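A quick write-up on the structure given underneath.
Treat the numbers as computed from the prediction; the structure is a model and nothing was measured. Chain letters run A, B, ... following the sequence lines, proteins first, then strands; residues in each count from 1.
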Amino acid sequence: MTTDTAVEAVNAARHYGQGQYAVKALDDVSLSIRKGEFFTLLGPSGCGKTTLLRLIAGFETPTSGQILLSGKDITAIPPNRRRVNTVFQSYALFPHLSVARNIAFGLEMLGRPKSEIAPRVTDMLRLVQLDQMAERKPAMLSGGQQQRVALARALAPEPEVLLLDEPLSALDLKLRKEMQLELKRLQTETGITFVFVTHDQEEALTMSDRIGVMKAGKLQQVGGPREIYNGPVNRFVADFIGETNFLTGTAAGDTVRIATGETLAVPGAGQGPVTLAIRPEQIRIADDGPLTATLTQTVYFGTDTHCHLRLGDGTDLVARLQSPPSGDVGLSAGQTLRLAPVPGSVQVLEEG
Amino acid sequence: MSERRAKPFSITAMPGFATIAILAFVLLYVPIITMVIYSFNASNSVALWGGFSFRWYAIAWENDTVQEATVRSLVIAVSAALIASTLATLAALGTTRRKKFKGQTFVYVMINQPLMVPEIVTAVALLIFFAAIKKATGYTGLAYLILAHSAFCVPFAYLPIRARLEGMDLTLERAAADLYATPFQTFRRITLPLMAPGIAAGAMLSFVISLDDVIITEFVKSAGQDTLPTYMLGQLRRAVTPEVNAISTALLGLTVLLLTAFFLLTRKRG
Amino acid sequence: MNQSARNGWLLSLPALILLVVGAAGPLLIVAVYSFLEPGDFSGVEWSFTTEAWFRVFFERDIFDDTVSAADAHLTILWRSVKLSLLTTLVTFVIGFPTAWFIATQPPNRRAMWLFLITIPFWTNLLIRTFAILEVIRNQGLLNSFLQWLGLIDAPIQILYTDGAVLIGMAYVYLPLMVLPLFAAIDRFDFRLIEAAYDLYASRLLVLRRIIVPIVRPGIVAGSILVFVPSLGAYVTPRILGGGKNMMIGNFIDLQFGQGRNWPLGAALSMLLLFIVMAALLAYVRVTSSEDRQNV
């Protein structure tokens with residue numbers, strides 16, 4: 001067992017109900033999260049990401065499998081004896097305690113002396129820039145400030161792992177962007193392992209060192225943001241993260257013949273029927289391109305312009321072009337164009 | 001052009017409703033206010049006004065029977081409030097915040113039973129039951145009254161405590177466990193302080209309910225165990241003197257005081 | 001039994017024991033007593049008989065054993081039911097506009113009006129009965145006022161009549177009607193009234209077709225809350241009705257005096273309990289079927 005593993009799930013499963021009606025919230029997931037990394041569990045609601053987080057926190061016990069913390073089996077250890085802290089989605093700040101008392105709570109429970117707690121609370125308040133709010137009650141704070149208190153409270157006992165359960169979902173867009181940077185800064189400064197749960201792919205891509213994409217209780221793919229974005233293993237991952245065009249065809253070695261009869265060069269495509277994924281920004285308009293399409297509509301998005309295209313067999317594609325300084329890409333609906341994917345950008349997907 | 005301006009149309013207005021409502025408040029308060037005013041009457045009569053005076057308060061205050069009854073009322077009410085709110089707190093912890101368990105409906109029915117059974121029926125039942133125990137043991141002390149009062153106060157204590165617990169965010173306790181609090185520490189540092197206003201409200205309601213009780217007390221008490229209400233009931237059987245006015249007004253004042261406190265306690269919810 | 005259920009039971013147990021000993025358990029003794037023979041002086045003889053239940057409804061002539069309806073008991077029962085229904089009606093007629101008035105006040109003033117209803121609600125029933133006694137007796141405020149107006153020459157005898165009991169019960173139980181009605185009206189979506197007016201309804205039709213059907217659970221709750229304690233009333237009829245105008249509660253009390261018939265009193269207590277339970281069950285039926293409809 002390597003000591004640079006912070007958290008490990010070994011064949012962890014969590015079922016609700018029994019027998020044939022059992023709901024598999026988490027279906028045999030194995031995962032290891034490294035020390036000091038910012039790891040994000042990403043997926044749609046009901047995919048099991050929050051269940052996995054609660055198993056790590058100890059609020060639920062796996063139906064089968066194990067949870068390891070720094071290599072030690074903690075499956076049977078109650079949450080109050082795990083050096084893991086959670087930032088709750090609803091913050092769960094104690095309404096009857098002041099901000100400072102909320103932050104001190106974990107340290108008090110650990111039996112730390114007052115002389116240690118007081119400076120630690122001051123440090124934490126400074127870290128989340130709430131020095132002036134120490135004596136306020138949570139109800140007197142704004143949503144963003146409550147969020148910072150929740151963070152400070154969870155970080156104060158210096159947990160081995162910090163769990164964050166969609167903590168930004170209650171904030172407005174501008175505040176959310178600020179907090180994303182803030183979280184990344186805190187993680188870098190403290191060096192604590194962060195396990196972050198979200199359904200927002202952009203949040204996952206901007207903050208994470210690694211991402212685990214989940215669907216229906218199963219882990220689909222684990223990897224760095226670039227790896228996941230540029231090399232999705234299946235249709236679900238490709239579709240969930242960013243926009244993607246899908247083409248179906250038949251592979252023959254390094255080429256794929258798609259439904260229109262046109263042939264694309266895809267190195268290592270293999271043999272037989274395949275699904276291809278091409279990101280909209282990886283499609284270029286090129287007179288010698290292998291694909292022929294009709295432009296149905298252009299939509300201006302400021303920096304980009306989206307071109308909605310239709311292939312010969314009726315498949316719809318979107319290509320994202322950078323808007324020229326004039327703002328007008330100089331194309332009009334009905335026009336026939338030839339397209340070429342950027343070499344190396346076409347992904348061959350597993351079924352899924 | 002007409003000088004009269006049309007009255008603005010009000011969605012919520014109903015003809016005559018406001019008049020009836022104001023009349024209802026007048027009818028509700030005229031007897032009470034009359035009683036309060038006449039408690040300060042200097043004359044012997046409950047009908048003729050003889051000037052302002054605290055005379056009847058003084059007479060009531062110096063009456064040994066009234067003093068004893070007051071002390072007895074308070075002892076019973078405080079004991080009943082303490083017992084009822086303690087047991088109701090435990091029951092509320094047992095019946096909220098967990099999956100509904102088998103037999104929970106039975107617990108609800110039992111707890112709310114005193115609200116459903118006519119008080120005279122319970123009074124008669126306790127009379128029979130306690131008469132047998134008194135005969136068998138020879139003990140005729142206050143314990144019977146305290147026991148009976150505690151029992152019918154339980155639902156009044158239970159309601160606000162349960163309401164408070166149900167409104168409580170369960171993630172708070174999870175957060176405490178996450179921050180290394182043991183189950184006992186979680187209860188003492190988080191759950192108990194958060195439910196305290198509910199417990200205080202329940203205890204206060206119990207106190208008022210116990211202090212007000214007439215029927216069960218009348219049937220359960222042993223000889224010479226009058227509380228203020230049963231003393232007043234006995235007085236009403238004879239000639240009514242302004243002394244009863246004075247005692248009533250004092251009790252009314254206490255009730256209003258406690259109610260105000262109750263509202264202040266429950267208003268700041270969450 | 002899983003641990004959560006066991007903890008639930010364990011935590012509820014002390015309260016349950018208290019309630020069994022101090023309230024519910026003795027009811028069983030009353031049920032048993034209603035099937036025993038009366039003792040010579042008071043109390044019971046331990047032999048089984050249905051005589052007490054028989055005597056609730058019928059009486060046997062001492063001389064020829066002919067059976068006839070127990071007029072005295074039935075009169076008291078009927079008076080109790082009649083006065084309770086009338087009390088419910090009177091409190092509704094006054095209480096509905098009052099609850100409506102409170103619920104349509106601006107929020108800052110609403111709390112004040114509600115508090116004014118709550119004070120009498122929590123004030124000792126005895127004190128309130130005593131207060132109304134002072135108003136309606138011969139030299140009381142009401143008679144003085146009417147005489148001062150010149151409407152009457154001599155005081156009218158109100159005290160110690162059924163009318164006095166009705167006035168008294170309506171007075172003491174009015175808050176019990178207003179509070180649930182207020183709760184129902186307070187939840188009422190007043191945009192529905194706008195919609196009804198928009199669709200050409202008159203005020204009366206809005207009241208009858210929109211408001212009353214929607215706040216019906218509150219009306220049922222208020223009616224039950226007034227009817228049930230009225231039926232079991234003891235203090236108010238005792239003070240305002242005098243010895244003659246007894247209600248069932250006072251009659252039960254009478255049976256447990258010295259030299260009286262305890263089994264008969266026990267049977268009457270059980271009968272009162274059954275009527276009240278039937279009313280409560282009907283209430284549960286009505287409200288739960290309405291809940292289903294609203295889902």
Task: Among the listed options B:Ala175, B:Pro193, B:Ala196, the residue most often paired with chain A at heavy-atom distances under 4.5 Å - done: B:Ala175

Task: OG on A:Ser90 to CG on B:Leu170, rounded to 0.5 Å - done: 10.5 Å

Open item on the list: I need the A:Asp165 CG to B:Thr171 OG1 distance, nearest 0.5 Å.
Closed with: 10.0 Å

Task: Side-chain donor-acceptor pair present, A:Thr86, B:Asp178, cut-off under 3.5 Å - done: yes

Open item on the list: Ignoring hydrogens, what is the shortest heavy-atom contact between A:Asn80 and B:Ala181? Give both atom names and the distance.
Closed with: CB-O, 2.9 Å

TODO: Could you tell me which non-hydrogen atom of A:Pro157 sits nearest to which non-hydrogen atom of B:Leu179, and how far apart they are?
DONE: CG-CD2, 4.2 Å

Open item on the list: Using side-chain heavy atoms (C-beta onward) and a distance below 4.5 Å, is A:Pro78 in contact with B:Thr182?
Closed with: no

Given a strict heavy-atom distance threshold of 4.5 Å, which part of [X] is in contact with chain B: side chain, backbone, both, or neither?
X: A:Glu108; result: side chain
X: A:Leu93; result: backbone
X: A:Phe94; result: both

Does a sphere of radius 6.0 Å around [atom1] in [X] hold more than 12 heavy atoms from other residues, nucleotides or ligands, not counting ones at 6.0 Å or beyond?
X: A:Glu189; atom1: CD; value: yes
X: A:Lys184; atom1: NZ; value: yes
X: A:Arg112; atom1: CZ; value: yes
X: A:Arg185; atom1: CZ; value: yes

TODO: Measure B:Ala176 against the heavy atoms of chain A and call it side chain, backbone, both or neither at under 4.5 Å.
DONE: both

Task: Residue B:Asp169 versus chain A: region with a heavy atom under 4.5 Å - done: side chain

TODO: Determine, for B:Tyr180 and A:Arg83, whether the Lys NZ or Arg CZ falls below 6.0 Å from the six-membered ring centre while staying within 45 degrees of the axis.
DONE: yes

Task: A:His96/B:Ile190 under side-chain contact (heavy atoms from CB on, under 4.5 Å): CA gap, chis, key distance, verdict - done: CA-CA 8 Å; A:His96 59 304; B:Ile190 305 298; 4.0 Å; yes

